[in-house]
Structure formats: structure tokens, C-alpha cells
Amino acid sequence: MTDSKSKVTAWLGIPVLIAALWSLAAPAVAEDTPIRLGDMAQSLNGVASQVMIDQEFDHKYGVDVTHKAYPTLDGLFNAIRGKQVDLGFGGWTSFAQFRSQGFPVFNIFAVGRGATLDVLVPVDSDIQSLADLKGKRVVSYAGAAGTATVLLRVVLSDFYGFDPAEGGDLQYAGPGLIPTLMKNGDVDAGLLFDPIGAKALASGEFRSIGNLAEIYKEKTGDDFLWIALATNDDFAAENPEAVSGFIKGWVEAVAYVKQHPEVFEDYGKKLGLDEDGIKLLADRVIRDYATTWNQEYIDGLMSFADRARKVMDKGYLEDVPDDAFSTDYTP
């Protein structure tokens, strides 16, 4: 009886042994690649980024995204150049300029076409159009070399005959401060992006005298690219599939946002927007998304680079390296 019991115990142990040996022999399942995503605080890119995380579109394509927000543009750019983040959002001209200066970063996908880049004035201002800004104090959120600031200078210089920077009328401030500066009369007009711009418009205290991307398209026939996605050489070389996976997840997240504009409700309520304000915000941001990225599109950006060189200080985009852009990771 004891001998039979021992045989039964031995036979029962065989499946366990086989399973243990199989687990040792079988290759380990690869974990999703962590990606630190850099963005500016209060940027609307954060809506699609959060959707990507909440809907697990990142894990669907083998990556694990952590969203990191920076309070200033300089802080974000320092993080991208210093590899404190693996991917980051920002103006494509800035990334191209960094590349020409020897920083190993490059543009890998289009994000925003500038549909929320408005020049705002107080609702009772006598300024009616961009032409009226000559000699006025204008403040930009984007800093002296930010893509939005460059676009403002290009549009005013090429199509309205003056450059506010040359007259000393162009100033810079954080986006959250600009509505207050306009209300207090410290500046006459402000260049803003959403959500701050949409919130200012929805308040009824400010109005737009022109959307820069729309004006640029009207005057040149070219689409404008405002925000791009960038990475650094080392991360891309070590994790090419993860970079491609992120972009696939991002495109799916953008499509989800377009189909579910209700994702803006919680975000808008945190900003204190009513239903009309939330709808305004959603409409503007959805129009801003850009998901086309190919060599033809990149070639079209060079006409803006030519215009930018004429208004910026010597050396700005003087040499745009071919490797400042890549389509290798495009879905």
C-alpha cells in the first residue's frame, strides 16, 4: 500500500516538474518599454496623452507611457535636450535649431498645426486686426525663439510690413500671466494657445484679432506645423520599436478624442469653463491635430524656414540638417 501510494505521488509530481522545466526553458515575456513623455503644463497635448494612458493604447503597442509636465517652455526643452524625457512635444523649428547646434534631438511626427494660436486683445480694445499692432506692446507665451513667436514675426513682417521685435514692442511672459497683463493694460495684445486662449475667449473679456496659422495658410497656401514630437538619438537607436509603438498609440488616441469630444468635459470643468466654453475648446483642439508625416510634408516646412531666417537673428535655422527629421517611425 505504501509502495503504491509513493508511485501515485511520483506520477502526480511529474506535471509540476514539467511545468517548472518549461518555465525555465521558455523565453520570458518582454515587458512594455517605459517612455517618459515631456510636455508643457496646461498643454492640450495632455488630453490625448491622458487618453492614450487611460485607454491603454500605449500598452497595446508595447510601451508604458508616463506623462511629465513642465511649467515653462525652457524647462521642457532642457529636459528634452538633457534626456530627462525620452519623447517630448514642442515647436519643430526649435528641435531643428537644436539639431543644428549639435544637440542630438530630432522631429519624428507632426502633432499640432496651430489652430489655437490666436492673438487676443481686451474686448473693448480699439485694435481690430493684426495691422493695428504696429507700435503696440505685444506679449508672446513662446519665448524669443519659440515656433509660435517666430510665426508671429513672420506673419507681421511678411504680410503687414513690420516686425514688433525690431521696434522693441515684443515681450515674453508665461501663458497664465498674459490675460492679467492685458486686463491691467501692461500690454496691448497677447499671443496665446489653448487652453488658456480658449478660456480667455470664453470669459467674454477678450477677443481674437487673428489666428496665425489660418492667416499663414491664407497668404501662402501652405499648412503650418506648430507642434512636433521629438526624441533623442540614443533612445531612438536603442528602442526603435517603442518609438514606433508610441506613435501608433498616439494616432489611435487622437482618433479616440475626435470620436469622443466628451473627454474635454472634465478638463474644461477644471478650467472653470461652462458647456459653451468646453465645446469651444474641443472644437479648436480637434481642428489642431495633425497626423500626416512624410517627406513631402517635411519638404513643405522649408518654405517657412526660409521666411523665418529673414526675421530672426543670424544663425537661426541657417542650416537645417536633413537628420533633424525622420519618417522611420511613421505608422
Side-chain angles (χ1 to χ4, degrees), residues 40-47 69-76 91 112 114-153 155-156 160 162-215 226 264-285 287-288:
M40 194 168 173
Q42 295 186 310
S43 166
L44 264 297
N45 300 322
V47 173
Y70 292 82
T72 67
L73 199 57
D74 285 342
L76 172 60
T116 73
L117 288 177
D118 282 88
V119 179
L120 304 186
V121 298
V123 70
D124 59 355
S125 171
D126 60 357
I127 297 174
Q128 300 300 319
S129 72
L130 296 186
D132 298 329
L133 292 178
K134 187 172 184 178
K136 304 294 186 181
R137 296 161 299 174
V138 184
V139 62
S140 170
Y141 79 89
T147 302
T149 299
V150 179
L151 175 61
L152 174 68
R153 293 183 61 183
V155 167
L156 293 180
Y160 296 92
F162 67 96
D163 179 359
E166 287 186 355
D169 298 319
L170 186 56
Q171 304 171 30
Y172 311 100
L177 294 174
I178 290 178
T180 300
L181 292 174
M182 288 192 287
K183 284 177 66 174
N184 292 344
D186 297 316
V187 296
D188 300 302
L191 171 58
L192 278 172
F193 69 111
D194 285 356
I196 304 297
K199 184 177 181 180
L201 290 169
S203 73
E205 297 182 276
F206 304 93
R207 55 184 170 82
S208 172
I209 59 169
N211 178 274
L212 295 183
E214 289 178 0
I215 293 171
W226 169 38
F264 289 93
E265 289 188 11
D266 287 342
Y267 193 93
K269 287 176 181 176
K270 290 177 183 177
L271 293 171
L273 297 176
D274 59 16
E275 289 302 315
D276 288 342
I278 293 171
K279 185 178 185 306
L280 172 69
L281 178 68
D283 289 347
R284 285 162 59 88
V285 174
R287 281 192 290 111
D288 193 47

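In what follows, residues are counted from 1 in the order of the sequence shown.
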Heavy-atom pair with the smallest gap, counting every atom of [X] and [Y]:
X      : Y      : result
Leu271 : Pro195 : CD1-CB, 3.4 Å
Ala189 : Met182 : C-SD, 3.8 Å
Asn211 : Ala115 : ND2-O, 3.0 Å
Ala69  : Ala41  : CB-CA, 4.0 Å

Open item on the list: I'd like to know if the side chain of Asp118 pairs up with that of Ser208 as donor and acceptor (distance under 3.5 Å, no hydrogens or angles considered).
Closed with: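 On atom types as modelled, these side chains qualify, holding a pair under 3.5 Å.
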Task: Inter-residue atom distance Leu281.CG - Ile278.CD1, 0.5 Å rounding - done: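 One gets 8.0 Å once the value is rounded to the nearest 0.5 Å.
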Open item on the list: Between Asp188 and Arg137 (side chain of the first, backbone of the second, donor and acceptor by atom type, cut-off under 3.5 Å), is there such a pair?
Closed with: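 Side chain of Asp188 to backbone of Arg137: a pair is present.
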TODO: Look only at the side chain of Asp274 and the backbone of Asp276, and say whether a donor-acceptor pair between them is shorter than 3.5 Å.
DONE: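 Present.
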TODO: For the pair Lys279 and Asp283, find out whether any cationic side-chain nitrogen is under 4.0 Å from an anionic carboxylate oxygen.
DONE: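 Yes, Lys279 and Asp283 are salt-bridged.
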- [ ] Can you spot which of Leu280, Leu44, Val47 makes a side-chain contact (heavy atoms from CB on, under 4.5 Å) with Asp194?
- [x]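 Testing each of Leu280, Leu44, Val47 against Asp194, the sole residue satisfying side-chain contact (heavy atoms from CB on, under 4.5 Å) is Leu44.
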- [ ] Measure up the Tyr141 and Phe193 rings against each other and bin them: parallel (under 30°), tilted (30 to 60°), perpendicular (over 60°).
- [x]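 Tilted.
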- [ ] May I have the step-by-step check of side chain to side chain contact (heavy atoms under 4.5 Å, CB included) for Lys136 and Val121, ending in yes or no?
- [x] CA-CA 11 Å; Lys136 304 294 186 181; Val121 298; over 6 Å; no
